[in-house]
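All values derive from a computational prediction rather than experimental measurement.
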Amino acid sequence: MSQGSTPKPAIARKSSGLSGTVRIPGDKSISHRALMLGGLASGETRITGLLEGEDVLNTGKAMQAMGAVIRKDGGEWIVNGTGNGALLASESPLDFGNSGTGARLSMGLAGVYDFDTVLVGDASLSRRPMGRVLDPLRRMGVQVKAVEGDRLPVMLRGPETPAPIHYTLPVASAQVKSAVLLAGLNIPGVTTVIEPAITRDHTEKMLVGFGAELSIETDKDGTRTIRLQGRGRLTGQVIEVPGDPSSAAFPLIAALLVPGSDITISNVLMNPTRTGLILTLQEMGADIQILNLRLAGGEDVADLRVRHCELTGVSVPAERAPAMIDEYPVLAVAAAFAKGKSIMNGLQELRVKESDRLSAVADGLKLNGAECEEGQDWLSVTGRPDGKGLGNAAGERVVTHLDHRIAMSFLVMGLASEHPVGIDDSNMIATSFPQFMDLMKSLGARIEQA
Ligand code: S3P
């Protein structure tokens, strides 16, 4: 949808005490991987809790186009895979819409096959750098044809026998790591990825779950060496997808900011590679209780009870960025209501997300009266705990640049600002969190779509 569809502005207004218990939809990263590995494995994979957002559904369609059989039965998604090494050439281009994860991981998965694969995306995705994945694929022997630089659309064609590589990640990116490992599934021999700093580890965990021969060695500086034996057998699994912490971040911060709030968010993934935001908010003095911590489907999961409280400015170290990379826009909103100044470092990757998030956040904050400064790879925000003067009384809207997280972050801002906060388009929210509007309203948030 979204690209080319009529923009749907939305507005959020000062709300009083959010309350209730909500369940967050499935984790986006795990959902993509569940469909990909399920679609590749031999036999049946049954998935519950799958995120039914557009990004993930596009990945499902791509897997179907390459031979997987996918159907929904009640609340369960049932995937019959092709068997490792047996994907089929898609007859039409694979369209990943807005999703970098779908596109980059699929480049690895399909790009090493000895057939043509064409990948396309929307305007946002077609601006994002793909060289970070195409470079290691080229080293494996994959031919790449792109119209413009290393951007979508691209056509990939693998060699008859792709070569295993030993690859040190030049950027801290789980997408790049995953693309190389997924390519390694169809390469004879051992593919090795060296990861200087840990990023989300769902691909490694799930590959092991599906029966891949994968080992991880971590040295004393934290550098990880991941080795995958290619062309092994993968077998269908039962997967329970936990709630997405990157989506939970929106009601969570809304509850911290709106006076009188007391909410519970159930079933949130607590994988340590994803909990940087919770740690940062706790450092800011947030009242977040982690309840009922348990193991579900091989991942840590908990319920979060969140109550309004005053936050204090924080300095977020650059090393924490991989564990909260998608949460900076909404953290910046929280910082706009904290006492004192917050500074966030190591944000260079924010410039190549669904939008240039560093600029989009700084522009949106300024438009809504918050004091902030944008550096090449950092952002500082000076907060106003009572929200006085925040928002835009003239009704000017934040430009969301086809970016779901910019849209949701600024709607959260409006719930605690003196004046309303408007956004130019809420369509993209459906890529990752289709229930956002209803879920927020069920807690008492005053949000309307135009
Ligand atoms: C993701 C990895 C991150 C993240 C994205 C999802 C994944 O991207 O921003 O939303 O599922 O692997 P990078 O790996 O490019 O940092």
Side-chain angles (χ1 to χ4, degrees), residues 27-29 100-101 169-178 194-205 216 218-224 244-250 252-253 256 268-288 290 293 299-300 302 304 306 311-354 356-358 360-362 365 372-383 405-406 409 412:
D27 185 71
K28 182 149 72 78
S29 295
T101 307
L169 294 176
V171 273
S173 165
Q175 292 180 358
V176 179
K177 166 176 67 178
S178 303
I194 314 284
E195 185 178 47
I198 190 166
T199 61
R200 66 192 69 194
D201 59 356
H202 310 304
T203 301
E204 299 92 297
K205 280 188 159 177
I216 305 173
T218 307
D219 75 10
K220 55 182 185 328
D221 318 318
T223 299
R224 299 167 85 229
D244 194 328
S246 302
S247 297
F250 300 106
L252 193 166
I253 288 187
L256 290 173
V268 181
L269 173 70
M270 294 293 284
N271 178 313
T273 64
R274 301 287 300 280
T275 49
L277 177 73
I278 293 180
L279 177 62
T280 303
L281 290 169
Q282 284 171 334
E283 288 171 1
M284 295 173 85
D287 185 350
I288 305 172
I290 298 171
L293 192 58
E299 291 280 8
D300 292 326
L304 305 177
V306 188
L311 301 175
T312 311
V314 71
S315 169
V316 191
E319 312 79 78
R320 201 177 291 164
M324 55 179 293
I325 193 66
D326 292 335
E327 283 71 82
Y328 285 102
V330 73
L331 175 66
V333 165
F337 294 87
K339 201 161 72 188
K341 189 169 174 168
S342 293
I343 173 129
M344 299 157 222
N345 289 304
L347 305 190
Q348 60 278 2
E349 278 296 302
L350 287 195
R351 296 217 178 265
V352 291
K353 293 294 175 187
E354 285 81 332
D356 174 345
R357 283 189 178 154
L358 198 36
V361 167
L365 288 176
C372 74
E373 216 186 318
E374 171 192 352
Q376 189 45 43
D377 65 351
W378 56 266
L379 182 72
S380 75
V381 182
T382 303
R405 298 199 201 282
I406 297 299
S409 298
V412 166

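At least one donor-acceptor pair under 3.5 Å links the side chain of Ser342 to the backbone N or O of Val314. Judged by distance alone, the side chain of Arg351 and the main-chain N or O of Gln376 form a donor-acceptor pair under 3.5 Å.
Put simply, CD1 on Ile194 and CZ on Arg224 are 11.0 Å apart, with the number rounded to the nearest 0.5 Å. Taking CG of Leu281 as the reference point, atom CG of Leu304 lies at 10.5 Å (rounded to 0.5 Å). Of the inter-residue distances, the one linking Lys205 atom NZ with Asn271 atom CG reads 4.5 Å to the nearest 0.5 angstrom. Atom CG in Leu365 sits 13.0 Å away from atom CD in Glu373 (nearest 0.5 Å). Note that CD of Gln282 and CG of Leu277 are 9.5 Å apart. Values are rounded to the nearest 0.5 Å. Taken to the nearest 0.5 Å, the OG atom of Ser246 stands 6.5 Å off from the CG atom of Asp27.
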>> Show, in sequence, the C-alpha distance, side-chain angles and deciding distance for Val381 and Met344, and conclude whether the side chain to side chain contact (heavy atoms under 4.5 Å, CB included) test is met.
In response: CA-CA 9 Å; Val381 182; Met344 299 157 222; 4.1 Å; yes
>> Please determine whether side chain to side chain contact (heavy atoms under 4.5 Å, CB included) holds for the pair Thr280 and Glu327, giving the CA-CA distance in whole Å, both sets of side-chain angles, and the decisive distance to 0.1 Å.
In response: CA-CA 11 Å; Thr280 303; Glu327 283 71 82; over 6 Å; no
> Would Val333 and Val361 count as a side chain to side chain contact (heavy atoms under 4.5 Å, CB included) if you check the C-alpha gap in whole Å, the side-chain angles of each, and the deciding distance to 0.1 Å?
Replying inline: CA-CA 8 Å; Val333 165; Val361 167; over 6 Å; no
> Do Met270 and Ile278 pass the side chain to side chain contact (heavy atoms under 4.5 Å, CB included) test, and can you show the C-alpha distance, the side-chain angles, and the key distance before you say yes or no?
Replying inline: CA-CA 9 Å; Met270 294 293 284; Ile278 293 180; 3.9 Å; yes
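Under the 4.5 Å side-chain criterion, counting only non-hydrogen atoms from C-beta, Asn345 is not in contact with Val316. Side-chain contact between Val306 and Ile253 is absent, with no heavy-atom pair separated by less than 4.5 Å. For the pair Leu252 and Val268, the minimum side-chain heavy-atom distance is 4.5 Å or more.
Considering all non-hydrogen atoms of both residues, Ala249 and Val330 come closest at CB-CG1, 3.9 Å. Heavy atoms only, all atoms of each residue included: Phe250 and Val412 are closest at O-CG2, 3.7 Å. In terms of heavy atoms, Thr199 sits closest to Ala172 at CG2-C, 3.7 Å. Considering every non-hydrogen atom in both Leu350 and Tyr328, the closest pair reads CD1-CB, 3.7 Å. Of all heavy-atom pairs between Leu256 and Asp287, the closest is CD2-N, 3.9 Å. When all heavy atoms of Pro322 and Ile198 are compared, the closest pair comes out as CB-O, 3.7 Å.
By the salt bridge (Lys or Arg N to Asp or Glu O under 4.0 Å) test, Lys177 is found to be paired with Glu195, Glu204, residues two or more places apart in sequence or in another chain being considered. Listed by chain and number, the residues in a salt bridge (Lys or Arg N to Asp or Glu O under 4.0 Å) with Asp326 are Arg200, Arg357, Arg405 (sequence neighbours excluded). With sequence neighbours excluded, no residue forms a salt bridge (Lys or Arg N to Asp or Glu O under 4.0 Å) with Lys353.
A salt bridge is defined here as a Lys NZ or Arg NE, NH1 or NH2 lying under 4.0 Å from an Asp or Glu carboxylate O, and Arg320 with Glu283 meets this definition.
No side-chain donor-acceptor contact under 3.5 Å links Thr223 and Asp221.
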